[in-house]
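Heads up: numbering here begins at 1 and tracks the sequence. Hydrogens, waters and symmetry mates are skipped; everything else that's a heavy atom, side chains included, is used. Note that the structure is a prediction, hence the values are computed from the model and not measured.
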Amino acid sequence: PAMIAMAPDGSIFARRADALAWRLDLTNVPVVLLREIAHVNLSTMPGVRARMDDSTLSVEAAAFTFAGTHIDLQNRPPPILDTGTGAYFNYDLAWFGARNQEAASAAALEAVFFSDTLSFASSGVYSSPAQRHRFVRYETALRRDFPDSVRSLVVGDSISRSGALPRSFRFGGISYGTNFATRPDMITFPLPAVPGESRIPTSAELMVNGQAHSRVDLAPGPFEIRNVPAISGAGEIQLVTRDALGRQQVLVVPYYATPTLLRTGLVDSGVEIGKVREDFGLENSRYGRLFGRALYRRGMASWFTAEGVGETAAGHRMVAGGATAAIADFAIVSGTVARSAGNGSGYSYSASLERSSRNFSFGLRGQHASAQFNQLGEPAGLHYRYNANVGFSLQSLGGVNLMHVVEARYRQDRITTSAVSYQRQIGRWLSLIFNVNVMRNGDGTHHYAGLTLVMPLDTLASASLSSSRQDGSDQKTLDIRQNLPLDDGWAARARITAGDSQQRRLDAGMTWQHAYGQWSADASHATGSESYRLGMNGSVVMAGGLTRAVRQLGDAFAIVSVPGFAAMEVLHENQRVAHTDAGGFAVIPRLRPYEANLISLDTINLSLATELMASSRTVTPARRAGVLMQFMPRTTHGALVSVVQESGIAVPAGALLSLGGESFPFAGNGEAWVTGIETETDATVEWPRAHCVVRIPVPDKTTARPRIGPLICKGGGA
């Protein structure tokens with residue numbers, strides 16, 4: 001009960017704790033101490049009407065007087081990271097042969113060592129063309145991820161960060177900065193919110209672009225539903241409420257969501273120091289000039305993000321700043337300004353306006369630079385680059401996209417490219433794609449037009465027929481392919497190309513995927529030439545006490561251990577991907593790093609005598625790492641036990657038999673499947689307002705499904 005006090009002038013005071021329990025908003029409401037207890041004056045609160053009738057307090061309050069309700073649809077804890085230690089070796093081997101040419105071979109190799117979120121990897125390619133044996137190193141790097149702080153440290157070969165201002169390039173050195181990939185659950189850009197006011201407690205349905213998303217409970221008073229998951233671009237959120245009389249109200253909130261903006265207060269920053277990599281893929285270790293670069297982006301508001309970059313190298317310095325802003329719920333505008341100095345000074349500026357939606361999208365982008373402007377990762381000499389694109393939907397008639405690009409460099413010919421594409425779904429099975437491209441440069445004008453029909457044959461197979469004309473030359477292609485399943489299986493492909501005598505061609509190939517890797521064979525026949533290719537790829541993993549040849553592992557993997565159980569199917573997100581070998585092991589490749597992956601076992605073929613405490617688990621591996629997952633089934637002695645009461649009537653359905661700390665329910669015929677019967681023992685049977693005790697003998701272990709009973713349950717009673 002609430003404690004109420006009345007002043008001589010009729011003012012009604014309530015304890016502050018009681019008013020808070022009523023969910024009244026007491027912000028800026030003065031506190032009055034009565035007998036050293038905090039009270040508030042209900043009579044002077046705006047929107048609140050209080051009166052006393054005998055010993056009953058009646059309070060009428062407007063919706064705005066209640067404390068606001070905040071519902072965050074993205075407020076969930078990050079997944080717990082699973083870690084492991086080990087190593088693996090990736091290989092991709094190929095042999096090439098052709099008529100009247102010497103055979104050649106190549107091997108792409110990579111070694112990876114990992115421990116928790118720390119990994120070391122080195123890769124390269126060995127080739128032997130024309131009697132020349134050569135190995136070219138690609139990348140060697142030590143990497144440490146810090147998911148808690150959403151950052152990564154890379155020492156060695158890496159690719160620099162890119163964005164609206166900086167350009168990417170390969171380098172060798174040290175990189176440290178924000179890496180949102182270590183927290184895929186984190187929403188980095190502003191998501192829309194739905195504000196409103198509810199007068200009574202109600203349940204509301206939330207819809208995004210007409211699709212039902214979730215149901216929320218709203219308390220009386222103002223509310224705000226934050227971080228509503230929304231598709232990038234323009235759209236609408238509808239909140240549908242119904243009162244006790246069935247009357248419906250719809251609150252419509254337009255939004256514009258884009259990953260180019262950062263959430264308010266979120267920072268994306270990084271520092272890179274090293275030497276620019278030159279002739280990557282051709283030379284082992286050719287590094288050029290020393291450089292340093294720092295980048296910083298911050299979400300200043302839900303509609304505004306600012307960024308800056310500074311870089312320096314021998315004879316070169318560059319600073320730049322930029323901003324991205326949302327224009328209401330319509331589009332995104334951004335701009336950058338940069339200046340370089342050193343061997344000549346120059347400037348560059350750019351601007352863009354973009355809108356994306358289901359029915360109409362467009363983009364206008366332009367960049368202009370002076371002759372002396374220089375920037376790492378950008379070939380020198382850019383004069384200007386303009387890009388315009390428009391896309392719109394014709395509903396059931398398909399969609400059209402238009403694009404026009406103009407690029408000019410100092411002392412070079414201007415290049416313009418125009419393109420039109422049209423896509424349409426015809427019925428359930430046929431897709432039509434039409435493309436026209438026109439490119440103009442110093443060599444003249446080049447034209448291309450193509451029409452493609454694509455039809456799925458089943459979940460993994462498809463066929464396509466295309467016809468194209470390029471600069472006066474016609475070509476027609478029929479392509480039929482069967483893709484690989486997630487588990488073991490075959491893939492096949494065949495392509496027939498018809499055209500003039502130089503374009504007639506037949507290509508065919510097959511791939512066999514198994515637990516130990518992939519083998520492939522391809523052949524090609526063209527006018528006057530034939531060529532062949534044999535390939536093999538896979539991985540060798542050493543982790544979790546296991547050394548196995550397996551399929552290529554991808555960014556993350558798991559080793560599933562089910563001791564003593566061979567040929568058990570293993571599923572990833574309910575898709576069959578592997579089965580355990582003779583030792584009870586299976587390696588699950590291509591998991592999503594830093595995300596929860598559901599791994600489960602198909603237990604349909606397990607005997608009734610086998611118990612598995614959990615047939616599925618989620619695992620969250622780090623990038624370039626693996627995790628051991630142990631499922632521990634156990635064999636128990638069980639039987640179908642039939643129990644009757646002393647009156648001869650079967651134990652009622654739903655009764656529970658308790659044995660060894662576990663409970664087993666009875667079906668309608670007084671039978672229950674009971675496990676864990678190792679010795680003759682007493683068990684208790686309970687149901688509403690009654691119980692009894694039954695003695696269960698040891699079941700016949702030579703029978704797959706032994707039966708016991710009927711047994712008489714004695715004693716107890718209601």
Open item on the list: If you count every heavy atom of other residues, nucleotides or ligands that lies below 6.0 Å from Glu646 atom CD, does the total exceed 12?
Closed with: yes
TODO: Report yes or no: does Tyr516 contribute a side-chain atom to a donor-acceptor pair with the main-chain N or O of Arg548 at less than 3.5 Å?
DONE: no
Task: Side chains of Phe666 and Val643 in contact at under 4.5 Å (non-hydrogen atoms) - done: yes
Open item on the list: I want to check something: taking the side chain as every heavy atom from C-beta on, are Met629 and Pro621 in contact at a cut-off of under 4.5 Å?
Closed with: no
Task: Where Gly715 and Cys692 come nearest, the two heavy atoms and their spacing - done: O-CB, 3.5 Å
Task: Derivation and outcome, salt bridge (charged side-chain N to carboxylate O under 4.0 Å, His left out), residues Asp82 and Arg617 - done: CA-CA 12 Å; Asp82 297 288; Arg617 284 173 50 193; 5.3 Å; no
TODO: Find out whether Leu109 and Phe89 are in side-chain contact, i.e. whether some heavy atom of one side chain is under 4.5 Å from a heavy atom of the other.
DONE: yes
TODO: Answer yes when Arg592 and Glu573 have at least one side-chain N-carboxylate O distance shorter than 4.0 Å, and no when they do not.
DONE: yes
TODO: Taking all non-hydrogen atoms of both residues into account, name the closest pair between Val208 and Ala230 and its distance.
DONE: CG1-CA, 4.3 Å
- [ ] Would you check if there is a donor-acceptor pair between the side chains of Asp145 and Thr117 at a distance under 3.5 Å?
- [x] no
Task: Test salt bridge (charged side-chain N to carboxylate O under 4.0 Å, His left out) applied to Arg358 and Glu236, step by step - done: CA-CA 11 Å; Arg358 291 178 297 171; Glu236 282 187 346; over 6 Å; no
Open item on the list: Test your reading of the model: is there a side-chain donor-acceptor pair from Ser393 to the backbone of Gln395, 3.5 Å cut-off?
Closed with: yes
Task: Leu656 and Val685: CA distance, side-chain angles, deciding distance, side-chain contact (heavy atoms from CB on, under 4.5 Å) verdict - done: CA-CA 6 Å; Leu656 294 178; Val685 179; over 6 Å; no
Open item on the list: Just checking Arg428: does its CZ atom have more than 12 heavy atoms from other residues, nucleotides or ligands closer to it than 6.0 angstrom?
Closed with: no
Open item on the list: Less than 4.5 Å apart, side chain to side chain, heavy atoms only: is that true for Ile237 and Tyr255?
Closed with: yes
Open item on the list: Go through it in stages, so that I can follow the logic: the residues are Thr188 and Arg183, the test is side-chain contact (heavy atoms from CB on, under 4.5 Å), and I'd like the CA-CA distance, side-chain angles, deciding distance and then a yes or no.
Closed with: CA-CA 10 Å; Thr188 61; Arg183 285 288 304 276; over 6 Å; no
Open item on the list: Can you give me the closest heavy-atom contact between Ala582 and Ala566, atom names plus distance?
Closed with: CA-CB, 3.9 Å
Task: Student check: side-chain heavy atoms of Ser615 and Phe631 closer than 4.5 Å - done: no
TODO: Indicate, with yes or no, if the rings of Tyr88 and Phe557 have centres closer together than 6.0 Å.
DONE: yes
Task: Over all atoms of both residues, closest heavy-atom pair of Leu659 and Asp682 - done: CD1-O, 4.1 Å
- [ ] Could you tell me the separation between the OG atom of Ser431 and the CD1 atom of Ile426, rounded to the nearest 0.5 Å?
- [x] 8.0 Å
Task: Atom CD of Glu680 with >12 non-hydrogen neighbours under 6.0 angstrom - done: yes
TODO: Look at the side chain of Ser357 and the backbone N and O of Ala234, then say whether any donor-acceptor pair between them is shorter than 3.5 Å.
DONE: no
Task: Worked check of side-chain contact (heavy atoms from CB on, under 4.5 Å) between His579 and Asp488 - done: CA-CA 9 Å; His579 55 272; Asp488 300 350; 3.3 Å; yes
Task: Spacing of Gln552 atom CD and Asn537 atom CG [to the nearest 0.5 Å] - done: 4.5 Å
Open item on the list: So that I can tick it off, tell me whether Glu569 and Arg576 are bridged by a salt bridge, with the cut-off set at under 4.0 angstrom between side-chain N and carboxylate O.
Closed with: yes
TODO: Check the surroundings of atom CZ in Arg695: do more than 12 heavy atoms from other residues, nucleotides or ligands lie under 6.0 Å from it?
DONE: yes
Open item on the list: Strictly below 4.0 Å, N to O, side chains only: are Glu110 and Arg624 in salt-bridge contact?
Closed with: yes
Open item on the list: Out of the candidates Val562, Leu601, Val587, only one should pair with Val570 under the side chain to side chain contact (heavy atoms under 4.5 Å, CB included) rule; please name it.
Closed with: Leu601
Task: Any Ser520 side-chain heavy atom under 4.5 Å of Met510 side chain - done: no
Open item on the list: If I take atom CG from residue Leu628 and atom OG1 from residue Thr83, how far apart are they, to the nearest 0.5 angstrom?
Closed with: 11.0 Å
Open item on the list: Checking Thr85 against Ser115: is there a side-chain donor and acceptor pair closer than 3.5 Å?
Closed with: yes
Open item on the list: Could you tell me if the side chain of Ser464 sits less than 4.5 Å from the side chain of Ile480, heavy atoms only?
Closed with: no
Task: Minimal non-hydrogen separation, Ala586 against Ala578, with atom names - done: CB-CB, 4.3 Å
Open item on the list: If you compare all heavy atoms of Gly235 against all heavy atoms of Asn209, which two are closest, and at what distance to 0.1 Å?
Closed with: CA-OD1, 3.2 Å
- [ ] Consider only side-chain N and O atoms of Asn179 and Tyr594, and report whether a donor and an acceptor are under 3.5 Å apart.
- [x] no
Open item on the list: One pair to check against side-chain contact (heavy atoms from CB on, under 4.5 Å): Cys713 and Val644. What are the steps and the verdict?
Closed with: CA-CA 6 Å; Cys713 198; Val644 297; over 6 Å; no
TODO: State plainly whether the residues Arg144 and Asp116 are in salt-bridge range, i.e. N to O under 4.0 Å.
DONE: no
Task: Exam field: side chain Asn597 to backbone Glu595, donor-acceptor pair closer than 3.5 Å - done: yes
TODO: Scan side-chain atoms only and decide if Glu671 and Asn669 contain a donor-acceptor pair under the 3.5 Å cut-off.
DONE: yes
TODO: Hey, could you give me the CZ/CG distance between Arg590 and Leu553, rounded to the nearest 0.5 Å?
DONE: 9.0 Å
Task: Non-hydrogen side-chain atoms of Ile80 and Thr620 separated by less than 4.5 Å - done: no
Open item on the list: Around atom CG of Leu430, are there more than 12 heavy atoms from other residues, nucleotides or ligands closer than 6.0 Å?
Closed with: yes
TODO: Measure the CZ-CG distance between Phe223 and Leu239 for me, rounded to the nearest 0.5 Å.
DONE: 5.0 Å
Open item on the list: Can a donor-acceptor pair be found, under 3.5 Å and without considering hydrogens, that links the side chain of Gln249 to the backbone of Val240?
Closed with: no
Open item on the list: Nearest 0.5 angstrom please: Met568 CE to Leu571 CG, how far?
Closed with: 11.0 Å
Task: More than 12 heavy atoms of other groups within 6.0 Å of Ile712 CD1 - done: no
TODO: Inspect the contact between Arg493 and Asp479 and indicate whether a charged nitrogen and a carboxylate oxygen are less than 4.0 angstrom apart.
DONE: no
